[in-house]
Amino acid sequence: MSKDTIANILTSIRNADMTKKRTVRIPYTNITENILKILLREGFIENMRKHQESNNLFLVLTLRHRRKRNRNGPDKTVLNLKQISRPGLRIYYNYQRIPRILGGMGIVILSTSRGIMTDKEARLERIGGEILCYIW
């Protein structure tokens, strides 16, 4: 298992979404919990709860799935996730240069001096930080 917790979160959610799994179990860390709280608040996931199993804490997510209108067409995924900063290359922006995803339809998750927050919150507080990921 790699030490990049953000990549683990995004990959687990992306894989579960593509295979239409309803729930995902992710190892608990403070960063994981804060990122998933943002996803819950923004409506990208339905539910999140803590689960303990033999001295290991996990976060169990309930994913939101889009219903297909056309049975013959390709499946649509609800989440598009892209990791930006990684352990080998950190990406920092001030609040004026934070990108807008799909004209404001998607969100950028940042790690700032005041905690993990979305791009809208960072612009309102006029602080920049490390760009963790894009979600749309």
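From a predicted model like this one, the values you see are computed outputs, not experimental measurements. The analysis underlying the following values was restricted to heavy atoms, covering all of them including side chains, and did not include hydrogens, waters or symmetry mates.
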What distance do [X] atom [atom1] and [Y] atom [atom2] have between them, rounded to the nearest 0.5 Å?
X      : Y     : atom1 : atom2 : value
Thr32  : Met48 : OG1   : CE    : 10.0 Å
Leu40  : Arg64 : CG    : CZ    : 8.5 Å
Ile45  : Ile13 : CD1   : CD1   : 6.5 Å
Ile6   : Arg86 : CD1   : CZ    : 13.0 Å
Ile127 : Tyr95 : CD1   : OH    : 11.5 Å
Ile135 : Arg14 : CD1   : CZ    : 10.0 Å

Excluding sequence neighbours, so at least two apart, what forms side-chain contact (heavy atoms from CB on, under 4.5 Å) with Glu121?
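With neighbours one apart ignored, the set is Arg41, Met117, Thr118.
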
Partners passing side-chain contact (heavy atoms from CB on, under 4.5 Å) against Asn47 (at least two apart in sequence or in another chain)
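Scan of Asn47 (side-chain contact (heavy atoms from CB on, under 4.5 Å), adjacent residues dropped) gives Thr62.
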
Which residue pairs pass the side chain to side chain donor-acceptor pair (under 3.5 Å) test when at least one of the two sits in residues 98-117, sequence neighbours left out?
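Qualifying pairs, neighbours excluded: Arg114-Glu125.
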
With sequence neighbours left out, write down each residue that passes salt bridge (charged side-chain N to carboxylate O under 4.0 Å, His left out) with Arg123, or none if nothing qualifies.
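In terms of salt bridge (charged side-chain N to carboxylate O under 4.0 Å, His left out), with neighbours along the sequence ignored, Arg123 is linked to Asp119.
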
Mind checking what makes salt bridge (charged side-chain N to carboxylate O under 4.0 Å, His left out) contact with Lys37, not counting sequence neighbours?
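Salt bridge (charged side-chain N to carboxylate O under 4.0 Å, His left out) list for Lys37, sorted by chain: Glu33.
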
Please determine which of Ile26, Ile116, Thr29 meets the side-chain contact (heavy atoms from CB on, under 4.5 Å) test together with Ile35.
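Between Ile35 and the candidates, side-chain contact (heavy atoms from CB on, under 4.5 Å) is satisfied uniquely by Ile116.
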
Below 3.5 Å, can you tabulate the donor-acceptor pairs from side chains in residues 50-61 to any protein atom, sequence neighbours excluded?
{"residue": "Glu53", "atom": "OE1", "partner": "Arg25", "partner atom": "NH1", "Å": "3.1"}
{"residue": "Glu53", "atom": "OE2", "partner": "Arg25", "partner atom": "NH1", "Å": "3.3"}

